[in-house]
2 protein chains.
Amino acid sequence: MPKRQAPIPLVDLDADAPCCPPLAQRRVPAETAAILAPAFKALGDPVRLQLMSMIASADGGEACVCDLTPAFDLTGPTISHHLKTLREAGLVDAERRGTWVYYRARPQILRQLAGLLSIEPTAAAQR
Amino acid sequence: MPKRQAPIPLVDLDADAPCCPPLAQRRVPAETAAILAPAFKALGDPVRLQLMSMIASADGGEACVCDLTPAFDLTGPTISHHLKTLREAGLVDAERRGTWVYYRARPQILRQLAGLLSIEPTAAAQR
DNA sequence: TCTCTGTTTAGACATATGTCAAGACAAGGT
DNA sequence: ACCTTGTCTTGACATATGTCTAAACAGAGA
């Protein structure tokens, strides 16, 4: 099978620069939407949004699962499941060091999502 | 799981100023997460992300359903359902003018979501 | 090696979600 | 009035999601 396609990702989640112009500036192509929507979806749960925030705002840039779990009224497996979702969406990285597992935010993709939503005052125009 | 409705929004989606500090700056409180997560969730579907973009980037700031529907390989009811989701998340407004219904983006909430995801270069710090 | 603690995986279950076909509603034109 | 066209609602369905318990896995210490 010739899988010669996708030599260059349509959206590079690791790029430092915004991947694409703001959503309000030009129509997001289907391919880009297919790649970025899962990231928004991952943030679309209150628990995960808080987890993301706790990780991203943590001292030293990383948070231990042992600090995250007790912050919620949920079981360990449930928190683990949410963390996996964030991982699979490319929003965080996990690393085990000894007994504990540490999660760390990936600022690049956050920047890209923020860029997509950004509205330049000029374009926001009317109202 | 209780799907509680908020009687009075703790976050004013109409405010022009960002509702809250960036997610990476301080931990998002549960109440804020409960209100903003649905907006991210609404953007978490590729079709809705494209719809949002088409509406927000449309000439004149608004888009007719009649222009949106044919852009997808989906039935009218399905597009209508997605638009309703965007409406309920506070991302767009709808207005009927004669035969056609026009959708318009709400830049305030987009700004707030972008602000929440924003990363100041200083805070992104260590990596 | 055994055990203890921290984390993830595997199932199971109820609910939510995305989609469609069929029908209802809205506005204009005949 | 009637029909036509555009949009939304309803009801149905398969699949996805959030949560749990039970079990597996990973290290650290005894």
Side-chain angles (χ1 to χ4, degrees), chain A residues 30 33-52 54-55 58 62-104, chain B residues 1-6 30 33-52 54-55 58 62-104:
Chain A
I35 293 169
L36 292 186
F40 284 119
K41 188 177 191 174
L43 295 175
D45 179 276
V47 172
R48 286 195 297 266
L49 193 52
Q50 289 176 81
L51 282 171
M52 188 69 213
M54 292 175 74
I55 295 168
E62 61 184 12
C64 172
V65 176
C66 58
D67 291 328
L68 299 173
T69 304
F72 300 88
D73 212 19
L74 295 170
T75 65
T78 297
I79 297 298
S80 183
H81 161 73
H82 283 306
L83 289 171
K84 182 181 184 184
T85 300
L86 288 175
R87 237 184 303 130
E88 290 176 344
L91 289 164
V92 300
D93 272 330
E95 184 194 356
R96 164 162 239 139
R97 280 205 303 280
T99 304
W100 292 279
V101 176
Y102 295 90
Y103 280 76
R104 174 176 288 274
Chain B
M1 186 221 328
K3 165 130 184 166
R4 218 164 233 318
Q5 199 73 294
I35 292 167
L36 291 186
F40 284 119
K41 187 177 193 174
L43 294 176
D45 179 277
V47 172
R48 286 195 295 268
L49 192 52
Q50 289 177 80
L51 282 171
M52 188 69 211
M54 292 176 72
I55 294 168
E62 61 184 14
C64 173
V65 175
C66 59
D67 291 327
L68 299 173
T69 304
F72 299 87
D73 213 20
L74 296 169
T75 65
T78 296
I79 296 299
S80 183
H81 162 71
H82 283 306
L83 289 171
K84 182 180 183 183
T85 300
L86 289 174
R87 236 184 303 131
E88 289 176 345
L91 289 164
V92 300
D93 273 329
E95 184 193 356
R96 165 162 239 138
R97 281 205 303 281
T99 304
W100 291 279
V101 176
Y102 294 89
Y103 280 77
R104 175 176 288 274

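Below, read A as the first sequence line, B as the second, and so on, with proteins coming before strands; counting in each chain starts at 1. As the structure is a prediction and not an experimental result, all values here were calculated from the model.
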Could you check whether [X] gets within reach of a base, just the sugar-phosphate, or nothing at all, counting any heavy atom under 4.0 Å?
X         : result
Thr99(A)  : sugar-phosphate
His81(B)  : base
Tyr103(B) : sugar-phosphate
Gly76(B)  : nothing
Arg97(B)  : nothing

- Item | Check: Ser80(B) side chain, Gly76(B) main-chain N or O, donor-acceptor pair, under 3.5 Å | no
Out of [options], which nucleotide sits closest to the side chain of [X]?
X        : options                  : result
Val65(A) : dC8(D), dT8(C), dT9(C)   : dT8(C)
Thr78(A) : dT19(D), dT9(C), dG18(C) : dT19(D)
Thr75(A) : dT9(C), dT9(D), dC20(D)  : dC20(D)
Lys41(A) : dA16(D), dA26(D), dT7(D) : dA16(D)
Asp45(A) : dG18(D), dT8(C), dT7(C)  : dG18(D)
Leu74(B) : dT9(C), dC20(C), dC8(D)  : dC20(C)

Separation of [X] atom [atom1] from [N] atom [atom2], in whole Å?
X         : N       : atom1 : atom2 : result
His82(B)  : dT9(D)  : NE2   : C1'   : 16 Å
Trp100(A) : dG6(C)  : CH2   : C1'   : 8 Å
Lys84(A)  : dT17(D) : NZ    : C1'   : 13 Å
Leu49(B)  : dG18(C) : CG    : C1'   : 16 Å
Glu95(B)  : dG6(D)  : CD    : C1'   : 16 Å
Leu83(A)  : dG18(D) : CG    : C1'   : 14 Å
Tyr102(B) : dA27(C) : OH    : P     : 14 Å
Arg87(A)  : dT8(C)  : CZ    : P     : 6 Å

- Identified side-chain contact (heavy atoms from CB on, under 4.5 Å) counterpart of Val92(B) within the set Ile55(B), Leu83(B), Leu51(B): Ile55(B)
- Yes or no on side-chain contact (heavy atoms from CB on, under 4.5 Å) for Met54(B) and Tyr103(B), after CA distance, side-chain angles and deciding distance? CA-CA 10 Å; Met54(B) 292 176 72; Tyr103(B) 280 77; over 6 Å; no
- Query: Among all residues two or more places apart in sequence or in another chain, which pass the side-chain hydrogen bond (donor to acceptor under 3.5 Å, both in side chains) test with His82(B)?
  - Reply: Arg48(B)
- Aromatic Tyr102(B) / basic Arg97(B) pairing, under 6.0 angstrom, 45° off normal: yes
- Task: Ignoring backbone atoms, establish whether Arg96(B) has a side-chain N or O less than 4.0 Å from OP1 or OP2 of dG6(D).
- Result: no
